[in-house]
Participant: 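Please read through the structure below; I'll follow up with questions.
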Amino acid sequence: MGFEMESDFLVIGSGIAGLSYALKCAELGTVVIVTKKKDVDTATNLAQGGIAAVLGKDDSVDSHVEDTITSGAGLCDEAIVRMVVENGPARIDELVQLGVDFVHDQESSSGYSLGREGGHSHRRVAHAYDLTGREIERALLEKARNHNRIQLFEEHIAVDLLMAKGTIPGWGACGSERCVGAYVMEDGQVETYRAKVTALCSGGVGKVYLFTTNPDIATGDGVAMAFRAGAVVANMEFVQFHPTCLYHPDEKNFLISEAVRGEGGILIGRDKVPFMEKYDPRKDLATRDTVARAIDKELKETGEDCVYLDITQRDSAYLKKRFPTIYQRCLLRGIDISKDPIPVVPAAHYMCGGVKTDSKGRTSISGLIALGETACTGLHGGNRLASNSLLEAVVFADSAANYCRGIWPALKKEPIGQVDEWKSGDARKLSEEILINHNWDSIRRVMWNYVGIVRSMKRLTLAKKRMEAIYEEIDLHYREYLVTPDMVELRNIALIALLIIQSAMERKESRGLHYLIDFKEQYERAHQTLVRKKAAGKSWEIEILMEGEA
Ligand code: SIN
């Protein structure tokens, strides 16, 4: 009999969504958080810009709603957008209560120093200079680590979800099974972590691409596990590329925050000529889809490797204070941003799609919640508005925890369903790491070259063929060899790649972040791309659902 963990709530991931939700659920029962690397290895920790909310007296809910919907290219769920925006100020207050130290400005009507980013018609981004995510993560982790009902396990990677018979009454899920936790691996052993409610808060999918602003943990684990368990997944074709990732041979994923453009930064070519006015009347503060595409076009036309972000009109004292991390990091690379334009390129940044949820964070599987970048809630539509993601995470964490509070009197009396132990059968130890490394590299190159900012049906078709072959090989290894964290991640990015490709091929239009040169027009009626695992198919075979079917 192997080790077995049992708790009321299982939370997979330790970023802002997982920690916020865990802290609230700990008021109800016991919480186990598993995170596959160190607890701070999250996208939250790297977030620079901040968290958007209606805080200034000159701002309004309607204005933030309108900016979000405009950015979302006709695909946002207006009721969800309104719910999130209306909840923003209360959630910011709560973060402050939890110890988050946003920068204040006594001259601002909100009392906070508010940043501006692309697509926002007002200054509304609360920040801790360019270390906002780190400050939020610090405060939330401190609370979680010291909570007597929360256990946090680092270096524990979730492998797959545990499913058992039965559903939670009123959940509105499809199917006759419910999620009762996850298989979790630590030190080569896979154990069962059973729970009444499981929350996927494992972040995004950036590592599917060769170049990304994301941390190494972003391998789409939550979406992949949910898909394999039969959950409905939505809008995976909407991959957001951040326009300005530092271009330097010694930098892997360093972001130059959009807040730099908010404070006057201008995109220029090697010839020093600004180019955004050719593409959008909002120029450098256009939404990200437009700016990233404009840079992509400039790079293709000029044959250059990067464009430049020029903030030299601000003096060094201001830049050192407002952007301490960016200032220092660039200086380390020989770039004094008060004198030199910063070389930048777009890189994969954020998945706007994900596991489909309702307004309470509930997925189509009973007992399974998805939050943060793992979820597709209807807020971001076809293109996320800058700094709306941390906001979404805290609002939905609150909404999901409130829902759990409502069902808790009944749920706490129920036993957790029994499941089988993990079986390794006669699997052998994989002795050739090259089998993993080669496929890892191939997937990321195929996605970057064939499924990037500008897409074509020809390239998507080639990508699908290549990825299906790669997935078959990985799936075979997964069955033959003892599972390792690298193998779990590889299998997940391969599946995510297929979901992105297939969803992109399904959307025969150009909308928001999805730009398809064969179909440049938009459908008259916007629709979501909903996919689910084919019931009787192979592990990756995808069924496309019509809206209303899910
Ligand atoms: C940034 O600081 O540019 C990133 C913020 C975001 O992705 O919303």
Side-chain angles (χ1 to χ4, degrees), residues 15-17 42-53 64 67-68 71-72 76 84-85 88 92 102-103 113-120 123-137 203-206 209 211-215 218 238-247 253-267 284-292 295 309 311 319 322-327 329-330 337 342 344-352 354 372-373 377 379-381 383-395 512-513:
I16 183 171
T42 65
T44 302
N45 208 36
L46 295 187
Q48 294 182 353
I51 172 162
H64 191 176
D67 291 347
T68 303
S71 182
C76 298
V84 172
V85 170
I92 297 268
F102 291 113
V103 176
S113 162
L114 297 179
R116 186 159 180 199
E117 292 180 34
H120 287 279
R123 285 192 170 267
R124 60 167 73 100
V125 182
H127 63 86
Y129 301 110
D130 59 5
L131 291 162
T132 314
R134 193 185 298 181
E135 171 58 11
I136 293 175
E137 185 78 21
V205 309
Y209 285 91
F211 301 109
T212 175
T213 62
N214 290 182
F238 292 106
V239 180
Q240 186 169 70
F241 289 79
H242 196 292
T244 57
C245 184
L246 179 60
Y247 179 72
N253 61 354
F254 188 72
L255 181 72
I256 306 293
S257 174
E258 193 155 322
V260 174
R261 275 179 286 134
E263 300 305 336
I266 293 170
L267 287 161
D284 297 89
L285 285 179
T287 47
R288 277 187 196 162
D289 50 346
T290 306
V291 182
I295 297 177
L309 181 58
I311 185 77
L319 292 171
R322 178 64 180 87
F323 301 111
T325 322
I326 295 173
Y327 188 91
R329 188 70 162 255
C330 287
I337 67 170
I342 313 165
V344 290
V345 281
H349 181 60
Y350 192 87
M351 169 45 81
C352 294
E373 196 173 344
T377 63
L379 175 69
H380 307 311
N383 178 37
R384 176 177 68 90
L385 184 65
S387 286
N388 263 358
S389 47
L390 297 180
L391 175 67
E392 179 192 51
V394 279
V395 170
L513 296 158

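Remember, it's 1-based here, ligands and their atoms both numbered in the order they're listed. Quick note: numbers below take in every heavy atom, side chains included, and nothing from hydrogens, waters or symmetry partners.
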Participant: Would you say the ring centers of H380 and F238 fall short of 6.0 Å from each other?
Facilitator: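 No.
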
Participant: So do the side chains of R288 and P243 get within less than 4.5 Å of each other, counting heavy atoms only?
Facilitator: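 The answer is yes, as the side chains (C-beta and beyond) meet within the 4.5 Å cut-off.
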
Participant: Salt bridge (Lys or Arg N to Asp or Glu O under 4.0 Å) with D130: which residues, sequence neighbours excluded?
Facilitator: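 For D130, no residue satisfies salt bridge (Lys or Arg N to Asp or Glu O under 4.0 Å) once neighbours in sequence are set aside.
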
Participant: Which N/O atoms of ligand 1 sit under 3.5 Å from a protein N/O, and at what distances?
Facilitator:
unit_1	atom_1	unit_2	atom_2	d
ligand 1	2 (O)	G49	N	2.9
ligand 1	2 (O)	S257	OG	2.7
ligand 1	3 (O)	H242	NE2	2.7
ligand 1	3 (O)	E258	N	2.7
ligand 1	7 (O)	R288	NH1	3.0
ligand 1	7 (O)	R288	NH2	3.2
ligand 1	7 (O)	H349	NE2	2.7
ligand 1	7 (O)	R384	NH2	2.7
ligand 1	8 (O)	R288	NH2	3.3
ligand 1	8 (O)	R384	NH1	2.8
ligand 1	8 (O)	R384	NH2	3.4
ligand 1	8 (O)	S387	N	2.7

Participant: Is the number of heavy atoms from other residues, nucleotides or ligands within 6.0 Å of CZ (R134) greater than 12?
Facilitator: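 Incorrect, the count does not exceed 12.
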
Participant: Tell me, do C330 and I256 make a side-chain contact under 4.5 Å, heavy atoms counted?
Facilitator: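 SC-SC contact between C330 and I256 confirmed.
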
Participant: Mind listing the closest non-hydrogen atom pair of R124 and D67 along with its distance?
Facilitator: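 So the two residues come closest at NH1-OD2, 2.9 Å.
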
